[in-house]
Participant: 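I have a structure I would like to understand better, so I am pasting it below and will then ask my questions one at a time.
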Amino acid sequence: MEPTYFGNNGDSHGDGYIAGPHSSSPLLGLYHPPDSFQGVERAVLLCYPMFQEHIRSYRAYYNLANKLAAAGCHVLRFDYFGTGDSMGWIEEATLERWIADTEMAIDELKSLSGLKSVTVIGLRFGATIAALQDKHMLEHLILWDPVIDGSNYLSDLRKIQTNLTIGVERYSRPRTPIQRDGIEEITGFSLSTPLIDTISKTKLLSIEQWSSKRVSLVASEMPSQYDALQQKFSDKLSFSHVNEPSEWSSLSKIEDMLMPFQVIAHLLQKIGNNA
Amino acid sequence: MISEKVVQFGKQQQMFGIVTEPQAASSQNGSASRSDENTDNKPTVLILNAGLVHRVGPYRMAVTLARRLSECGYRVFRFDISSIGDSDGNSGDEDYRARTVKEIGFAQDALAEKYGCDRFVALGLCTGAMNAHVIAVADKRIVGAVLLDAYAYPTMKSLVNRYLSKLRKMLDRTLFKRLSHKLRNSRNSDHEEIAEGIDYWVFPPKEEIEVELQALVKREVELLFIYAGSFEYYYSYPKQLQDNFPSINFQDRLSVNIIKETDHMYTLFQDREILINQITDWLLKKFN
């Protein structure tokens with residue numbers, strides 16, 4: 001695993017330093033070169049989900065990246081601006097910035113692997129962001145439990161936030177997040193009004209054309225929520241249900257680490273079948 | 001300007017962390033006075049994993065803390081021990097305590113080699129607090145420890161507080177149920193699920209901790225214990241720790257704070273700010 005700093009048209013810093021949110025390389029990526037070459041070379045970008053879901057799934061993506069590298073893939077995972085180890089604060093983040101980050105991460109992976117085509121696996125809102133990028137024509141876009149409607153997603157997160165702050169186990173008295181201009185606190189993260197507005201307007205169903213030769217949707221729970229998406233894109237979208245619920249909308253699970261063994265096995269099989 | 005760098009360390013470079021470099025200029029942002037003095041005298045702060053959460057910490061709190069401390073001139077290293085975040089799984093041939101000492105020792109060795117660091121403050125929440133205690137006992141390079149919701153042992157006063165609190169919560173819950181039925185048509189079932197308290201913390205034997213704390217005080221290790229309000233079942237009043245260990249003369253080496261409102265994971269922004277300010281103020285007071 002090799003760290004790589006990027007974020008300005010793939011202009012990496014040799015020494016790995018990042019300096020300030022407006023520097024040329026504010027994003028941290030972790031590149032897993034292939035353990036060995038096994039036939040057709042493939043490059044896979046892993047797009048994390050957002051907020052607490054990012055923390056929940058961090059180790060699962062580490063495991064997935066290692067398994068993909070062991071299967072001969074070049075793998076890159078990265079933290080969006082204002083998340084994880086990358087520069088900036090979540091309050092400063094915008095959806096446009098995260099889409100641009102994804103496009104730059106694809107450039108970075110192409111540069112690191114020397115390959116021209118990339119497969120993207122996105123989880124939850126990371127899948128949605130990957131679907132919104134249109135700079136690159138992907139080889140394969142795999143949407144894992146994607147957020148199909150941003151406003152429902154925010155509504156679920158707000159429900160968690162409400163139940164969390166009134167909980168008599170977590171707090172001795174119901175709590176109210178401190179009021180800050182233009183900021184709403186949702187599941188422990190401070191989101192700006194412009195970010196919330198753009199997330200709430202995001203709908204996968206409004207995508208007219210995918211920037212990917214193939215699109216797969218892997219659902220770990222509630223497969224029926226994807227019926228409309230399947231209908232609209234019946235000619236291009238391959239759907240699979242792996243019954244291993246991640247319980248994304250459950251308050252009691254928000255601090256549990258994700259251990260999706262079956263989904264990871266399924267994804268490996270899917271990527272393997274691409275060759 | 002924030003400056004951060006990946007450090008991979010351990011015998012096979014199998015462990016992973018991020019150094020945040022001290023910033024030269026002083027800052028007006030914190031609640032304590034800042035200094036422009038040479039940062040070489042300041043110990044390096046090690047932020048340990050909180051449970052299974054990787055090095056960014058719960059709700060990215062470790063990143064905020066590291067960058068805030070760097071403004072005050074501290075070098076901070078937040079890193080993953082084996083099997084967490086980006087560090088490889090452990091070999092499984094040692095017990096947990098021995099492995100913890102070895103791995104945090106690797107982190108200190110790497111920082112000593114790269115930056116010449118020779119004094120460290122270990123900081124951790126939950127299991128991270130226990131690990132901070134363990135490394136402080138085992139490694140003389142540790143000159144300070146910040147333990148968030150570490151161990152606590154009952155006293156007569158804490159037991160009385162515990163049962164009074166339980167009674168108050170029962171009353172609150174009854175009142176809450178009545179109110180919530182009026183205010184809302186339905187409630188999330190999760191809320192019911194977590195409402196019952198579970199006594200799931202197991203602390204090391206008190207006698208063992210007593211001997212170890214005694215040794216830390218003798219070595220002049222500075223200690224800051226911070227307890228969350230939600231931890232009041234175990235720790236309910238500021239002097240409980242002194243009452244737990246009356247044989248130890250802590251002198252002025254022990255500071256204990258309770259952040260009454262907060263939960264164990266510091267989920268709300270305002271609670272994290274209080275915590276970060278308390279840690280910053282204590283570090284500046286003890287190691288400026």
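Here is how names work: the chains are called A, B, and so on, in the same order as the sequence lines, proteins then strands, and each is numbered from 1. All values below come from the heavy atoms of this structure, side chains included, with hydrogens, waters and symmetry mates left out. For clarity, every value in this text was computed on a predicted model and none was experimentally measured.
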Participant: What part of A:Thr187 gets closer than 4.5 Å to chain B, counting heavy atoms only: side chain, backbone, both or neither?
Facilitator: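 Backbone of A:Thr187 only, per the 4.5 Å heavy-atom cut-off to chain B.
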Participant: Once you round to the nearest 0.5 Å, how far does CG of B:Asp271 lie from CD1 of A:Ile178?
Facilitator: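 Going from the CG atom of B:Asp271 to the CD1 atom of A:Ile178 covers 9.5 Å.
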Participant: Given that the side chain runs from C-beta out, which part of A:Ile183 has a heavy atom under 4.5 Å from chain B: side chain, backbone, both or neither?
Facilitator: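 Contact with chain B involves no heavy atom of A:Ile183 at all.
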Participant: So how far is it from B:Leu268 CG to A:Gln161 CD, rounded to the nearest 0.5 Å?
Facilitator: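 Here the interatomic distance stands at 6.5 Å.
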Participant: Using non-hydrogen atoms only, which part of A:Met257 is less than 4.5 Å away from chain B: side chain, backbone, both, or neither?
Facilitator: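 Side chain only.
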Participant: Quick check against the 3.5 Å criterion: does B:Arg60 have a side-chain atom that pairs as donor or acceptor with the backbone of A:Trp89?
Facilitator: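 Judged by distance alone, no pair lies under 3.5 Å.
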Participant: Can you pull out the residues in residues 58-65 of chain A with any heavy atom less than 4.5 Å from chain B?
Facilitator: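 Listed by number: A:Tyr58, A:Arg59, A:Tyr62.
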Participant: With respect to chain A, which residue among B:Val56, B:Thr267, B:Asp86, B:Thr262 yields the maximal number of heavy-atom pairs within a distance under 4.5 Å?
Facilitator: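 Greatest number of close heavy-atom pairs with chain A: B:Asp86.
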Participant: Should we say atom OH of B:Tyr96 is surrounded by more than 12 heavy atoms from elsewhere, each under 6.0 Å from it?
Facilitator: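 Yes - once you tally the heavy atoms of other residues, nucleotides and ligands closer than 6.0 Å, there are more than 12.
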Participant: Not counting sequence neighbours, which residues clear salt bridge (Lys or Arg N to Asp or Glu O under 4.0 Å) with B:Glu261? List them please.
Facilitator: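 Only A:Arg175 meet the salt bridge (Lys or Arg N to Asp or Glu O under 4.0 Å) criterion with B:Glu261.
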Participant: Under 4.5 Å from any heavy atom of chain A, what part of B:Thr20 do you find: side chain, backbone, both or neither?
Facilitator: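 For B:Thr20, no heavy atom lies under 4.5 Å from chain A.
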Participant: In terms of heavy-atom proximity below 4.5 Å to chain A, should B:Phe16 be classed as side chain, backbone, both, or neither?
Facilitator: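 Side chain only.
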Participant: What is the distance from atom CZ of B:Phe269 to atom CD1 of A:Ile90, rounded to the nearest 0.5 Å?
Facilitator: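 Rounded to the nearest 0.5 Å, the CZ-CD1 separation comes out at 13.5 Å.
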Participant: Is chain A contacted by the side chain of B:Ser165, its backbone, both, or neither, given a heavy-atom distance below 4.5 Å?
Facilitator: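 For B:Ser165, neither part sits under 4.5 Å from chain A.
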Participant: Would a distance-only check, ignoring hydrogens and angles, find a side-chain to backbone donor-acceptor pair under 3.5 Å from B:Arg272 to A:Gly188?
Facilitator: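 Side chain of B:Arg272 to backbone of A:Gly188: a pair is present.
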Participant: I'd like to know which of B:Ala66, B:Ser83, B:Ala228 tops the heavy-atom pair count under 4.5 Å against chain A.
Facilitator: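 The option with the most such pairs is B:Ser83.
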Participant: How long is the span from the NE2 atom in B:His264 to the CD atom in A:Glu255, to the nearest 0.5 Å?
Facilitator: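 The CD atom of A:Glu255 is 8.5 Å from NE2 of B:His264, to the nearest 0.5 Å.
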Participant: Once salt bridge (charged side-chain N to carboxylate O under 4.0 Å, His left out) is applied, what residue pairs with a partner in residues 184-197 of chain A remain, sequence neighbours excluded?
Facilitator: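 Those involving residues 184-197 of chain A are A:Arg158-A:Glu184, A:Arg180-A:Glu185.
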Participant: Contact between B:Glu4 and A:Met87 at the side-chain level, heavy atoms closer than 4.5 Å - yes or no?
Facilitator: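 Yes, close enough: below the 4.5 Å cut-off.
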Participant: Apply salt bridge (Lys or Arg N to Asp or Glu O under 4.0 Å) to A:Asp79 and list each qualifying residue two or more places apart in sequence or on a separate chain.
Facilitator: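 So A:Asp79 forms no salt bridge (Lys or Arg N to Asp or Glu O under 4.0 Å) with any residue.
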Participant: Answer yes or no: does atom CD of B:Glu113 have more than 12 heavy-atom neighbours from other residues, nucleotides or ligands under 6.0 Å?
Facilitator: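 At most 12 heavy atoms, drawn from other residues, nucleotides or ligands, come within 6.0 Å of this atom.
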Participant: Counting only non-hydrogen atoms closer than 4.5 Å, does B:Ile18 touch chain A with its backbone (N, CA, C, O), its side chain (CB onward), both, or neither?
Facilitator: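 Answer is side chain: those atoms of B:Ile18 sit under 4.5 Å from chain A.
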Participant: Looking at B:His54, B:Met61, B:Glu273, B:Gln13, which one has more heavy-atom pairs under 4.5 Å with chain A than the rest?
Facilitator: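 Counting heavy-atom pairs under 4.5 Å, the top option is B:His54.
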Participant: Counting N and O atoms only, with roles assigned by atom type, does the side chain of B:Gln270 sit under 3.5 Å from a partner on the main chain of A:Thr176, one being a donor and the other an acceptor?
Facilitator: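 Indeed, once roles are kept as given, a pair shorter than 3.5 Å links the two residues.
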Participant: Give the intermediate values and the outcome of side chain to side chain contact (heavy atoms under 4.5 Å, CB included) for residues A:Leu164 and B:Asp263.
Facilitator: CA-CA 10 Å; A:Leu164 182 152; B:Asp263 63 320; 5.8 Å; no
